[in-house]
Asker: 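My questions will all concern the structure given below.
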Amino acid sequence: MDLPSEAAVLLAVVFPLSACSFWPFAHMSAVRHLERDQEIEVEQGTFDLGLGINILAVSLPLSTVLILGVFSSGSYFTVPLHVLTVGSVMILVPLIPRVFSWIRNLEFTVPFLDQKELKDSSAESRS
């Protein structure tokens with residue numbers, strides 16, 4: 001059984017990165033074309049194509065940097081474990097602030113202290 005070449009593996013890793021920027025806008029454009037055929041006004045359309053272009057403008061440089069990083073890393077991304085590790089890190093890093101926020105909003109209680117009546121122990125009562 002022949003394994004795919006390194007270039008084919010890198011292309012398989014990079015192709016979804018380029019599709020992340022293009023396919024959502026292509027879908028919005030296709031839906032807008034169908035809506036235009038049904039004479040639906042732009043204001044009542046399903047998608048805001050201006051917003052889609054703005055998101056594409058933000059995501060395209062990120063995709064380009066990731067693609068260049070994958071291609072310039074040599075054979076590092078031909079190992080599936082490396083791809084999964086980098087992908088997991090890229091998913092988990094943005095979740096860190098949410099986890100800290102969730103932990104900060106937790107209310108910790110100790111049940112036996114809630115039931116116990118605490119006495120006032122001011123310094124004046126000790127003399």
Side-chain angles (χ1 to χ4, degrees):
M1 176 173 156
D2 275 344
L3 295 175
S5 68
E6 182 178 310
V9 172
L10 289 176
L11 182 63
V13 170
V14 164
F15 185 72
L17 293 175
S18 64
C20 287
S21 295
F22 173 71
W23 286 111
F25 186 73
H27 175 74
M28 290 189 299
S29 298
V31 169
R32 181 66 199 127
H33 182 70
L34 291 173
E35 290 174 345
R36 191 176 302 142
D37 290 345
Q38 296 175 358
E39 299 178 359
I40 297 175
E41 294 181 23
V42 174
E43 294 83 22
Q44 296 175 346
T46 305
F47 296 111
D48 180 4
L49 291 182
L51 178 64
I53 287 287
N54 289 335
I55 291 174
L56 182 65
V58 170
S59 69
L60 195 58
L62 176 64
S63 297
T64 303
V65 167
L66 289 174
I67 289 169
L68 289 174
V70 168
F71 279 139
S72 65
S73 68
S75 61
Y76 182 79
F77 285 103
T78 58
V79 179
L81 181 62
H82 295 165
V83 175
L84 290 172
T85 303
V86 170
S88 299
V89 167
M90 291 181 81
I91 289 173
L92 293 176
V93 165
L95 294 177
I96 291 172
R98 285 206 168 190
V99 169
F100 282 130
S101 175
W102 177 72
I103 290 172
R104 191 177 326 128
N105 291 334
L106 285 177
E107 293 184 21
F108 294 105
T109 60
V110 182
F112 72 89
L113 286 180
D114 289 340
Q115 298 168 357
K116 189 169 183 155
E117 186 177 323
L118 299 176
K119 297 178 183 176
D120 185 20
S121 62
S122 64
E124 294 172 1
S125 64
R126 293 184 193 168
S127 54

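Quick caveat: nothing in here was measured; it's all calculated off a predicted structure.
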Asker: So if you build clusters from Ile, Leu, Val, Met, Phe, Trp, Tyr with side-chain heavy-atom gaps below 4.5 Å, do L60 and L66 land together?
Answerer: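 In one cluster with L60: L66, no.
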Asker: Partners of A12 by side-chain contact (heavy atoms from CB on, under 4.5 Å), sequence neighbours excluded?
Answerer: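 None.
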Asker: Side-chain heavy atoms nearer than 4.5 Å, only ILVMFWY residues, links allowed to pass through others: does that put V14 and M90 together?
Answerer: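 V14 clusters together with M90.
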Asker: Got more than 12 heavy atoms from elsewhere within 6.0 Å of CZ, F71?
Answerer: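 Yes - once you tally the heavy atoms of other residues, nucleotides and ligands closer than 6.0 Å, there are more than 12.
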Asker: Return the CG to CG distance between L49 and L56, rounded to the nearest 0.5 Å.
Answerer: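 Spacing of CG (L49) from CG (L56) equals 11.5 Å.
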Asker: Could you tell me which non-hydrogen atom of L10 sits nearest to which non-hydrogen atom of G74, and how far apart they are?
Answerer: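 So the two residues come closest at CD1-O, 3.7 Å.
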Asker: Which heavy atom of A57 sits nearest a heavy atom of P61, and at what distance?
Answerer: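 Taking A57 first and P61 second, the nearest heavy atoms are O-CD, 3.0 Å.
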Asker: Treating Ile, Leu, Val, Met, Phe, Trp and Tyr as nodes and any side-chain heavy-atom pair under 4.5 angstrom as an edge, say whether L106 and F100 lie in one connected cluster.
Answerer: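 No: no chain of side-chain contacts under 4.5 Å links L106 to F100.
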Asker: According to a 4.5 Å side-chain heavy-atom criterion applied to Ile, Leu, Val, Met, Phe, Trp and Tyr, with indirect links allowed, do I67 and V83 form part of one hydrophobic cluster?
Answerer: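 In one cluster: yes.
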Asker: Quick one: list whatever passes side-chain contact (heavy atoms from CB on, under 4.5 Å) with F47, sequence neighbours left out.
Answerer: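 F47 satisfies side-chain contact (heavy atoms from CB on, under 4.5 Å) with H27, M28, V31 once adjacent residues are dropped.
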Asker: What about V93 and L62, same hydrophobic cluster or not, with Ile/Leu/Val/Met/Phe/Trp/Tyr joined at side-chain heavy-atom distances under 4.5 Å?
Answerer: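 No, V93 and L62 fall in different hydrophobic clusters.
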Asker: Run the side-chain contact (heavy atoms from CB on, under 4.5 Å) test against I91 and tell me which residues pass, sequence neighbours left out.
Answerer: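 Testing I91 for side-chain contact (heavy atoms from CB on, under 4.5 Å), a comparison that skips the adjacent residues, returns none.
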Asker: Kindly state each residue pair satisfying side chain to side chain donor-acceptor pair (under 3.5 Å) with at least one member in residues 29-42, sequence neighbours excluded.
Answerer: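 Only R32-E35, E35-T46 qualify under side chain to side chain donor-acceptor pair (under 3.5 Å).
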Asker: Please list all pairs passing the side chain to side chain donor-acceptor pair (under 3.5 Å) test where one or both residues lie in residues 72-85, with sequence neighbours left out.
Answerer: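 Qualifying pairs: none.
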Asker: Search all heavy atoms of V13 against all heavy atoms of F77 and return the closest pair with its distance.
Answerer: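 Reported closest heavy-atom pair: CG2-O, 3.8 Å.
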Asker: Not counting sequence neighbours, list each pair that qualifies as a side chain to side chain donor-acceptor pair (under 3.5 Å) and has a residue in residues 53-67.
Answerer: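 For residues 53-67: S21-S59, S21-S63.
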Asker: Donor-acceptor pair, S101 side chain versus P97 backbone, under 3.5 Å?
Answerer: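 No; judged by distance alone, with no hydrogens or angles, the pair does not exist.
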